[in-house]
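Order of the sequence lines sets the chain letters (A, B, ...), proteins ahead of strands, with each chain counted from 1. Quantities reported herein were computed from a predicted structural model and do not represent experimental measurements.
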Number of protein chains: 2
Amino acid sequence: MGATIKDIARETGLGLATISSYLNGRNVREKNRIKIEAAIEKLHFEVNETARGLKTNRTRTIGILIPELNNVFCAEIISEAEDILRQKGYATILCDCRTDPAREREAIAFLLRRRADGLMVMPTGENGEILKAFLRRKRPVVVLDRKIRGLDADCVLVDNEDAAKKAVDRFRAAGHTKIGLITGPQDIYTAAARRRGFQAAMADAGLEVSDSMVVCGDYTIQGGARAMHKLREEEPEITAVLVANYEMTVGAMIEINESGLRIPQEMSVIGFDNLEFAKAIAPRLSIITQPTREIAREAVDLLLKRLSGDAGRPTQTVVLPTDYVEGKSVGVRAEEVRTGLSNRKLRRG
Amino acid sequence: MGATIKDIARETGLGLATISSYLNGRNVREKNRIKIEAAIEKLHFEVNETARGLKTNRTRTIGILIPELNNVFCAEIISEAEDILRQKGYATILCDCRTDPAREREAIAFLLRRRADGLMVMPTGENGEILKAFLRRKRPVVVLDRKIRGLDADCVLVDNEDAAKKAVDRFRAAGHTKIGLITGPQDIYTAAARRRGFQAAMADAGLEVSDSMVVCGDYTIQGGARAMHKLREEEPEITAVLVANYEMTVGAMIEINESGLRIPQEMSVIGFDNLEFAKAIAPRLSIITQPTREIAREAVDLLLKRLSGDAGRPTQTVVLPTDYVEGKSVGVRAEEVRTGLSNRKLRRG
DNA sequence: TTGAAAGCGCTAACAT
DNA sequence: ATGTTAGCGCTTTCAA
């Protein structure tokens, strides 16, 4: 087996406390430091973080619990969060619950047994009860991209209402009045918020939104394709559509392409999240992007702050702005052109 | 703090060994079992895996070390591996080294301090020295999607040569003779293997491959766009191109769209990896897909087998097949049509 | 099957 | 600054 601090103590003739002091960055006499470092080198010593964790009751481990790793929005956040965490000495235990509340519950118990110091979570639903188990044990929780009523935890969100409004405003400026929305399940905070923002913006503009102009998909590719199909069937008058996450944007594009519909001549589209994807499409897709790196940074920051003392501070919610990135997927509707935004003639959708 | 087995022992009047036996699924008298379960419930007891890990010298933790989480191929493998591992009681510590050998080295040390039982790794380069630190400590390593000379570890690969050959054969069947390849850095096993397969298939077909018909990108989106640009500049005669990973496929598509080149009339394309992306593009992209879920399953399987005893068994390499999925991005070259594969007339590229 | 006791590798008093 | 000692929560002999 590997060497322990006892071996280092014996090798150097020093006491355990000295070795421990050295390992924890406290002051050690210069000549002892040299001896210790030589012994560590010689014996290939490596701190046993497990033993340390048992003693200190802090594992320097953070659980990240998400609904789906194969979701670029999640993956980008995790990638950034893990990077920062590891630099600070924290390990990231990943738990992908596949949008399954049962697995989510099991993962929480799993992380609790592992004594994860804290949790970053993008919950599957609105039920915060499962997460309270963490809070009860005085372990901080940061909720990503959701807000859960009755759960006293820090949150990091984007301004979803505003994101939807930006899209609606862009469509309106191009003369669209029959605008559809494909959003996610209404028990997911972001999906509901984007719907609210959409409806508010439409109302502000004096535009009507019938029930069938809003379709709730399931945030998957297949769901996006189905939603697009349904929207076109029930509301053939629609000339523009906002799709409220990346996976459904891909699905909607598949459906649009398969039905032979031309963008932007017959349908204007604003998608979500993945800039690179948007650029790879022809014509280039206009999209709403979310600041995934900032979300991760804020979340890690909140978590580490709680971990380093100020656990009593009231919980806070950080709201970050989204961006609209112009592509070529929003066409001007000839009948209502007022500005010179585009000069292409459009066929009635 | 939380309850310990001592608390359970006191509460039930039983000894520690009995509680431990219960927790580890060994036989306990029925009435004691009931008492123990009641006490666990009452005191909200949860096994402390940290203590267990210290005692048993097995943390039930697997490190997954990858070059980039924002790479769908990696993300899909991790997602599946993590799922299986957690079901078996193993935690997954994720380390994304951002294709940086220094971070990769640091991550290995990190996982060693954490006493990860095993490692699944997609190395950045060909140097296996870093990984040997793991092997020296008798901890199993499974190398994903790479083969590293001089490293005695299990591997899971796909048949990259054959993948390239499939693409070349498909292009040839459509009459293409000037075929380009955009592959990755040559110190990455898969990239080199795809190149070899490409060149072998071209040679078999009696087709010439000049140096500038093969461009080595860096497996990123930007790199794919640059590579496509370079290819077109240096080899304007090319009528077909194989792009050997997903990110570069996206990049190549961006470049193609920006240059106004039409697919498949002016350029035939076969991409890699992401089926959903391929379907969302118009015209739908033909691609080579890799069996990410099987890769993950094989890798986990190899790792767990080593962990459960048969550590002495010679290392093995599992090679999985790829698939070619037909889209509409391969056009027939009129001049050389021999079969009736397509009936579209094509303009000379 | 169960109980008592030792000890995994480390940190943190406390004493020097 | 350093040495001594106890103990974190668990598993695992060894006896009974």
>> If the cut-off is 4.0 Å, is B/Asn27 near the phosphate of C/dT1, judged by side-chain N/O to OP1 or OP2?
In response: yes

>> It should be established whether A/Ser20 places a side-chain nitrogen or oxygen under 4.0 Å from OP1 or OP2 of nucleotide C/dT11.
In response: yes

> Tell me: CG of B/Asn48 to P of C/dC10, nearest whole Å?
Replying inline: 17 Å

>> Please determine whether a side-chain nitrogen or oxygen atom of B/Arg33 lies at a distance below 4.0 Å from atom OP1 or OP2 of C/dT1.
In response: no

>> Whether A/Asp96 and A/Arg103 form a salt bridge (side-chain N of Lys/Arg under 4.0 Å from carboxylate O of Asp/Glu) is what I want to check.
In response: no

> Can B/Arg297 and B/Glu80 be counted as an ion pair, charged N to O under 4.0 angstrom?
Replying inline: yes

> In terms of the nearest nucleotide of DNA chain C, which residue is placed more toward the 5' end: B/Thr56 or B/Arg29?
Replying inline: B/Arg29

> For the pair made of CD1 in B/Ile36 and C1' in C/dT2, what is the distance, rounded to whole Å?
Replying inline: 10 Å

>> Can you tell me which nucleotide in C/dT2, D/dT11, D/dT12 comes closest to the side chain of B/Leu23?
In response: D/dT11

>> Categorize B/Phe45 for me: base, sugar-phosphate, or nothing, with a 4.0 angstrom heavy-atom threshold over every strand shown.
In response: sugar-phosphate

>> Can you confirm whether the side chains of B/Glu82 and B/Thr92 place a donor and an acceptor under 3.5 Å from each other?
In response: no

>> Please report the distance, rounded to the nearest Å, between CG in A/Leu16 and C1' in D/dG3.
In response: 9 Å

>> It should be established whether B/Asn24 places a side-chain nitrogen or oxygen under 4.0 Å from OP1 or OP2 of nucleotide D/dT11.
In response: yes

>> Looking at A/Arg306 and A/Asp154, is there a salt bridge between them, counting it only when a charged N and a carboxylate O are closer than 4.0 Å?
In response: yes

> C/dG3 phosphate, OP1 or OP2: any side-chain N/O from B/Thr18 under 4.0 angstrom?
Replying inline: yes

>> Determine whether a donor-acceptor pair (one donor, one acceptor, N or O, separation below 3.5 Å) exists between the side chain of A/Lys6 and the base of C/dG9.
In response: no

> Rounded to whole angstroms, how far apart are CG on A/Asn57 and P on D/dG9?
Replying inline: 7 Å

>> What is the distance, to the nearest angstrom, from the CD1 atom on B/Ile19 to the P atom on D/dG9?
In response: 15 Å

> When you measure from the side chain of B/Thr4, which nucleotide among D/dC10, C/dG9, D/dT13 comes out closest?
Replying inline: D/dC10

> In whole angstrom, what separates B/Leu54's CG from D/dT12's C1'?
Replying inline: 14 Å

>> With a 4.0 Å cutoff (strictly under), does any side-chain N or O of A/Arg26 reach OP1 or OP2 of C/dA12?
In response: yes

>> Rounded to whole Å, please give me the gap between NZ in A/Lys55 and C1' in C/dG9.
In response: 11 Å

> Under 4.0 Å between a side-chain N/O of A/Arg52 and OP1 or OP2 of C/dG9, yes or no?
Replying inline: no

> For B/Arg10 and D/dC10, what is the distance between atoms CZ and P respectively, to the nearest whole Å?
Replying inline: 12 Å

> Is any side-chain N of the basic residue among A/Arg86 and B/Glu104 closer than 4.0 Å to the acidic one's carboxylate O?
Replying inline: no

